[in-house]
Amino acid sequence: MALKIVLLALTLFLVPILTYKPVVLIHGVMTGAASMEMIKFRIEEKHPGTIVYNVNRFESWSSLETMWHQVLEIGMDVANISASHPEGINLIGYSQGGLIARGIVETFPNVSVSTFISLSSPQAGQYGAGFLHLVFPGLVKDTVYELFYSRVGQHTSVGNYWNDPYHQTLYETYSVYLPYINNHITSAKSDDFKNNFLKLKRLVLIGGPDDNVITPWQSSQFGYYDANETVIEMKGQNIYQEDRIGLRALDLSGRLHLVTVPGVNHFSWHMNVSVVDDYLLPFLD
Ligand SMILES: *[C@@H]1O[C@H](CO)[C@@H](O)[C@H](O)[C@H]1NC(C)=O
Ligand SMILES: *[C@@H]1O[C@H](CO)[C@@H](O)[C@H](O)[C@H]1NC(C)=O
Ligand SMILES: *[C@@H]1O[C@H](CO)[C@@H](O)[C@H](O)[C@H]1NC(C)=O
Ligand SMILES: *[C@@H]1O[C@H](CO)[C@@H](O)[C@H](O)[C@H]1NC(C)=O
């Protein structure tokens, strides 16, 4: 008994509990902050003292507002949080939230992110019924480009990252978000996007083959369809080979982590305690 207590005391003494830099959580489409509470509680439980901010803007239907609007609004909050934590913050975005988070990292020079974790987010875009039907049950993926690749269609977040491999010219003409933050189309902001992104200490891209919503699932790691719907992995993509946003530089300097986890459905990533314990906590700074 006494020995046990001594051992326990010793263990507590030898393994100090880590307090991480503040963590900001950004929820997915058609949900809200409540969906991210498990992650928040788990971080606080395992690492007491860690401050977790759970973004509650753009919940439910308003999560369909345009990506740029969400990036700029949430980005102002995150810049504020960042200003009061000069040591840097951790940023975790789930699903659409991970693509908003990337927009924030690339756009705000005054947001200082140590670790950015993208949890099953369509970073290279989305072309599949799964995601589409979450929001627009009646639409068909083959023809929805006619709606999304128009001025009106760009008024919804999903349209901003719809990436139809058969209609790339229309994508480049109409899409106001994804081709820009990917520096697929060069703009006056391209250098800033890349320079800001390169300030990350760690980029963690989590996804898996059983996601069933992000299509192709490799989009969570910057892989995507070619013109024939064959998936080309990140390293075969221009964005990587030409290092358009700094992915390659992050990789070559050991800052890029691709994490592939089988057995997790899209709606489980943020609900699965072992995902938090095994794939989120170890990367926090
Ligand atoms: C940022 O912080 C300032 C000062 O604390 C406050 O006045 C402002 O409303 C905050 N902005 C946002 C977007 O939270
Ligand atoms: C961060 O930068 C944006 C413009 O890039 C600015 O509008 C905002 O006020 C800044 N926020 C803080 C907290 O410095
Ligand atoms: C797509 O498939 C067709 C028919 O199999 C082939 O002719 C064409 O070269 C392929 N295109 C690409 C980009 O792979
Ligand atoms: C939870 O995540 C683990 C991987 O960490 C996976 O093997 C398991 O199937 C997941 N469970 C559910 C219900 O998603």
Side-chain angles (χ1 to χ4, degrees), residues 21-28 31 35-43 45-46 51 53 55 57 66-92 94-95 98 100-114 116-121 130-131 134 177 180-181 187-200 204-215 217-218 220-221 245 257-284:
K21 290 172 180 167
V23 183
V24 175
L25 306 175
I26 304 182
H27 64 81
T31 62
S35 71
M36 301 296 274
E37 286 287 279
M38 189 280 280
I39 298 179
K40 175 174 155 71
F41 289 145
R42 192 65 176 171
I43 295 170
E45 180 190 347
K46 289 284 204 172
I51 303 167
Y53 298 91
V55 170
R57 286 189 194 262
T66 70
M67 291 297 280
W68 276 122
H69 181 51
Q70 298 193 51
V71 164
L72 296 177
E73 289 262 316
I74 298 173
M76 290 297 265
D77 294 340
V78 181
N80 257 11
I81 292 168
S82 191
S84 46
H85 301 284
E87 73 276 19
I89 59 169
N90 295 285
L91 183 58
I92 301 176
Y94 162 63
S95 194
I100 292 170
R102 177 156 69 94
I104 292 171
V105 171
E106 292 187 19
T107 308
F108 284 83
N110 54 1
V111 167
S112 174
V113 177
S114 292
F116 166 35
I117 303 178
S118 162
L119 186 58
S120 196
S121 301
F131 207 94
L134 280 184
Y177 186 70
Y180 289 91
I181 63 160
S187 74
K189 303 239 174 91
S190 292
D191 288 343
D192 288 344
F193 288 164
K194 183 172 178 177
N195 291 335
N196 290 333
F197 201 59
L198 276 171
K199 290 191 294 189
L200 290 173
V204 185
L205 302 172
I206 304 176
D210 302 308
D211 185 275
N212 285 323
V213 168
I214 303 297
T215 321
W217 72 264
Q218 291 91 341
S220 57
Q221 300 173 342
I245 61 168
H257 303 263
L258 299 192
V259 180
T260 303
V261 187
V264 186
N265 176 275
H266 191 66
F267 303 104
S268 298
W269 292 104
H270 55 319
M271 303 290 174
N272 185 325
V273 178
S274 77
V275 168
V276 180
D277 289 355
D278 297 342
Y279 307 109
L280 301 185
L281 297 180
F283 289 110
L284 295 179

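Both ligands and their constituent atoms are indexed starting at 1 by order of listing.
- The contact set between ligand 2 and M76, taken as ligand atoms under 4.0 Å from a residue heavy atom, comprises 7 (O), 8 (C), 9 (O).
- In this structure, E106 contributes its side chain and K194 its backbone to no donor-acceptor pair below 3.5 Å.
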Please assess D210 against W217 for the test side chain to side chain donor-acceptor pair (under 3.5 Å), listing each intermediate value before the final yes or no. CA-CA 8 Å; D210 302 308; W217 72 264; over 6 Å; no

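- Distances below 4.0 Å separate heavy atoms of N110 from the following atoms of ligand 2: 1 (C), 2 (O), 3 (C), 8 (C), 10 (C), 11 (N), 12 (C), 14 (O).
- Close approach of ligand 2 to A79 (heavy-atom distance below 4.0 Å) involves ligand atoms 1 (C), 11 (N), 13 (C).
- Pairs of residues two or more places apart, or lying in two chains, that qualify as side-chain hydrogen bond (donor to acceptor under 3.5 Å, both in side chains) and include a residue from residues 82-92 are Y53-H85.
- Partners of T107 by side chain to side chain contact (heavy atoms under 4.5 Å, CB included), not counting sequence neighbours, listed by chain and number: W68, V71, L72, F193.
- Between the side chain of T66 and the backbone N or O of H69, at least one donor-acceptor pair lies under 3.5 Å.
- Classified by interplanar angle (parallel below 30°, tilted 30° to 60°, perpendicular above 60°), the ring pair F197/F116 is perpendicular.
- The side-chain hydrogen bond (donor to acceptor under 3.5 Å, both in side chains) pairs that include a residue from residues 274-284 are R42-D277, N272-S274, where partners are two or more places apart or lie in different chains.
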Between the protein and ligand 4, which nitrogen or oxygen pairs come in under 3.5 Å, and how far apart is each?
from, atom 1, to, atom 2, distance (Å)
ligand 4, 2 (O), N272, OD1, 3.2
ligand 4, 2 (O), N272, ND2, 2.4
ligand 4, 2 (O), S274, OG, 3.2
ligand 4, 5 (O), S274, OG, 2.9
ligand 4, 9 (O), G263, O, 2.8
ligand 4, 11 (N), N272, ND2, 2.9
ligand 4, 14 (O), N272, ND2, 3.2

